Protein chains: 2
Amino acid sequence: MATGRNHRPATRSRGIPEATVARLPLYLRALTALSERSVPTVSSEELASAAGVNSAKLRKDFSYLGSYGTRGVGYDVEYLVYQISRELGLTQDWPVVIVGIGNLGAALANYGGFASRGFRVAALIDADPALSGRQVAGIEVRHVDELESIIDTNGVSIGVITTPGGAAQQVCDRLVAAGITSILNFAPTVLSVPDGVDVRKVDLSIELQILAFHEQRKAAEALAQDVPEPLAAEAAPSGPGRDQGPDGDIPAVMPA
Amino acid sequence: MATGRNHRPATRSRGIPEATVARLPLYLRALTALSERSVPTVSSEELASAAGVNSAKLRKDFSYLGSYGTRGVGYDVEYLVYQISRELGLTQDWPVVIVGIGNLGAALANYGGFASRGFRVAALIDADPALSGRQVAGIEVRHVDELESIIDTNGVSIGVITTPGGAAQQVCDRLVAAGITSILNFAPTVLSVPDGVDVRKVDLSIELQILAFHEQRKAAEALAQDVPEPLAAEAAPSGPGRDQGPDGDIPAVMPA
DNA sequence: CAATCTTTGTGCACGCGTTCACAAAGGCAT
DNA sequence: ATGCCTTTGTGAACGCGTGCACAAAGATTG
Ligand SMILES: NC(=O)c1ccc[n+]([C@@H]2O[C@H](COP(=O)([O-])OP(=O)(O)OC[C@H]3O[C@@H](n4cnc5c(N)ncnc54)[C@H](O)[C@@H]3O)[C@@H](O)[C@H]2O)c1
Ligand SMILES: NC(=O)c1ccc[n+]([C@@H]2O[C@H](COP(=O)([O-])OP(=O)(O)OC[C@H]3O[C@@H](n4cnc5c(N)ncnc54)[C@H](O)[C@@H]3O)[C@@H](O)[C@H]2O)c1
């Protein structure tokens with residue numbers, strides 16, 4: 001296994017590509033389902049299909065973890081579940097705090113799939129005094145004043161932000177100052193954090209806008225196929241009724 | 001091209017890179033904030049900073065849309081807001097249905113940021129008869145039996161799935177059969193859809209697992225620093241602290 | 001009008017991720 | 001043991017995305 005024999009300095013030789021890391025949870029989920037059905041082994045083709053990826057990609061991904069397969073047979077499901085779990089750090093318990101217990105925060109707190117993978121909600125935190133002491137999903141909501149002590153006491157390193165956007169950076173700063181080094185941000189805000197702190201964001205609005213882009217493109221394509229010449233001004237099948245062609249644009253909103 | 005003479009490379013707007021499309025909403029959000037503060041123009045440097053990206057990347061992104069900047073000055077905020085909105089298809093109204101009005105579905109229905117960008121909740125749909133007729137966020141929950149007629153009547157092309165994982169594929173199939181061509185999936189399931197249907201997924205569990213991976217790696221590195229290792233020769237300068245939220249989002253648009 | 005200053009737009013190089021294609025490896029039957 | 005069949009692991013090619021660096025473009029000033 002001469003892994004570090006490239007012309008490239010092996011400063012990150014142990015490094016698993018980020019794209020691969022992002023797919024490991026997907027493989028793990030598929031493998032867990034197989035495990036529950038007591039399937040002993042699985043081929044890269046089958047597993048790739050279940051995970052919705054290309055089989056060559058899956059094999060290459062696994063090759064970064066080591067040679068865990070058997071040629072002519074496939075992969076041992078249980079063994080692979082363990083290896084991936086270990087690689088992702090799921091063999092240990094990760095206490096998590098959720099800050100901002102509104103609509104979304106409460107939904108997350110109630111989410112069962114949370115605890116299913118070693119993530120434990122250590123505390124729910126909100127700035128609203130009216131919420132303090134209330135129970136949400138069987139967990140007492142604590143006031144944001146206690147944020148630092150809660151994190152310190154429970155050794156929390158992962159924080160989830162579900163406050164309004166305006167409060168997100170401020171909450172983030174406090175979390176980081178208190179020792180948090182990984183943040184999952186649901187607020188529509190670009191968080192700025194010091195080096196060494198990971199931030200991942202989930203933004204419903206952005207996802208919808210990306211879908212809308214492709215939706216518009218599809219509609220424009222369908223339209224262009226029906227009408228070769230850009231002259232159909234009144235064609236409106238159902239919802240998507242565009243006012244401008246995708247190409248001959250440049251409307252009248254010219255800047256000064 | 002009716003608007004006078006403008007020397008644009010034409011034949012350009014055919015394909016905007018997917019990575020660029022995914023950043024446009026980010027730019028739009030930053031620009032909207034500037035617009036609300038009545039800032040007239042903004043440089044690529046300032047805007048890039050606000051959006052949390054590299055300025056060269058931002059300029060290249062905008063170059064795919066056309067030459068909307070003025071050298072020596074920057075970009076006209078209002079004009080750019082309009083151009084990006086148009087490119088993303090936000091100048092029109094997008095009716096959306098949410099299927100599965102539980103914890104998460106209800107939170108989404110209550111989410112104000114939904115309507116702020118041309119997305120309108122056309123209907124809430126659930127299989128539970130006990131929910132039918134109930135009001136959530138001021139919108140009546142309809143039974144899943146009405147799914148097809150609701151989509152057809154309202155010309156809905158975007159669907160959000162917030163059912164349990166076990167029901168997701170089934171709901172997806174019905175949505176697609178009813179004419180939906182864009183799906184935002186919150187269930188932990190790999191959806192299989194025909195060509196021409198876009199699927200994007202949001203998965204809390206996957207995000208947490210990715211964070212856990214890096215968290216574990218950071219912990220291991222901190223440990224390795226205490227115990228001197230002979231191969232730590234060159235990795236000293238800012239070695240551990242490099243990974244900000246790399247935004248390394250893997251596009252989840254899968255055709256099949 | 002010319003000089004200077006600012007900032008865009010992009011050519012280019014590089015690295016990462018994806019995919020193909022196939023030799024090697026192992027199981028299994030004979 | 002031998003040969004055949006299946007499937008892994010990976011070398012190599014390719015395409016996409018990123019960031020550097022700079023010439024061109026326009027504003028601004030003298
Ligand atoms: N609800 C959704 O479906 C949804 C979807 C996408 C994004 N988001 C985003 O998630 C965030 C929360 O959304 P929501 O609908 O739950 O909002 P919400 O108003 O229902 O809840 C926000 C909560 O945060 C608390 N809060 C405010 N400032 C705080 C502070 N400084 N410290 C601690 N807590 C504080 C409030 O008391 C409130 O309980 C928003 O940023 C929203 O844009 C929500
Ligand atoms: N709640 C969260 O924070 C969270 C986070 C991440 C992912 N998820 C995922 O989102 C989904 C919903 O989570 P939840 O906590 O809201 O669950 P939930 O059980 O509270 O709600 C699910 C709803 O879907 C409805 N439903 C079930 N089958 C249906 C069908 N065939 N057609 C229409 N409706 C149907 C149920 O009646 C219920 O109202 C789950 O897949 C969950 O894994 C939830």
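A note on names: the letters A, B, ... follow the listed sequences, proteins ahead of strands, and every chain is numbered from 1. Note that the coordinates shown come from a computational prediction; the quantities given were computed from them, not determined experimentally.
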Query raised in the report: What integer distance in Å separates E45(B):CD from dC20(D):C1'?
Result: 13 Å
Query raised in the report: What's the CZ-C1' distance between R23(B) and dT18(D), to the nearest Å?
Result: 8 Å
Query raised in the report: How close or far is atom C1' of dG27(C) from atom CG of D76(A), stated in whole angstroms?
Result: 15 Å
**Report entry** Separation of dT10(D) P from F62(A) CZ (nearest whole Å)
**Finding:** 14 Å
Query - Short side-chain donor-acceptor distance under 3.5 Å, E78(B) and S35(B) - result: yes
Query - T91(B) OG1 to I84(B) CD1 distance, which is reported to the nearest 0.5 Å - result: 13.0 Å
Requested in this report: Name the residue closer to the 5' end of DNA chain C, choosing between N54(A) and G72(A) according to the nucleotide with the nearest heavy atom.
Outcome: N54(A)
Report task. Check whether any side-chain N or O of R59(B) sits under 4.0 Å from OP1 or OP2 of dC20(D), and answer yes or no. Result -> no
Requested in this report: May I ask you to evaluate whether S44(A) reaches the phosphate of dT8(D), defined as a side-chain N or O under 4.0 Å from OP1 or OP2?
Outcome: yes
Requested in this report: Indicate whether any N or O donor in one side chain lies under 3.5 Å from an N or O acceptor in the other, for D198(B) and S182(B).
Outcome: no
Query raised in the report: Which residue, Y75(A) or T70(B), contacts DNA chain D at a nucleotide closer to its 5' end, judged by nearest heavy atom?
Result: Y75(A)
Report task. Name the closest nucleotide to the P17(B) side chain, picking from dG17(D), dT8(D), dG17(C). Result -> dG17(D)
**Report entry** Whole-Å distance separating the CG atom of L47(B) from the C1' atom of dT7(C)
**Finding:** 14 Å
Report task. Please tell me which of the listed nucleotides, dT18(C), dA23(C), dG11(C), lies nearest to the side chain of R71(A)? Result -> dA23(C)
Query raised in the report: Hey, is the side chain of K60(B) pairing donor to acceptor with the base of dT18(D) inside 3.5 Å?
Result: no
Report summary line: Ranking G74(B) and V73(A) by the position along DNA chain C of their nearest nucleotide, the one closer to 5' is G74(B)
Query raised in the report: Please give, in whole Å, the distance from dC16(C) C1' to D61(A) CG?
Result: 13 Å
Query raised in the report: Does a side chain donor of either E45(A) or S49(A) reach within less than 3.5 Å of an acceptor in the other side chain?
Result: no
Report task. Check the distance between dG15(C)'s C1' and E18(A)'s CD and give it to me in whole angstrom. Result -> 15 Å
**Report entry** S67(A), nearest nucleotide to its side chain (from dC20(D), dA27(D), dG9(D))
**Finding:** dG9(D)
Query raised in the report: Expressed in angstrom and rounded to an integer, what is the separation of K57(A) atom NZ from dC16(C) atom P?
Result: 17 Å
**Report entry** Between Y79(B) and Y68(B), ring centroids under 6.0 Å
**Finding:** yes
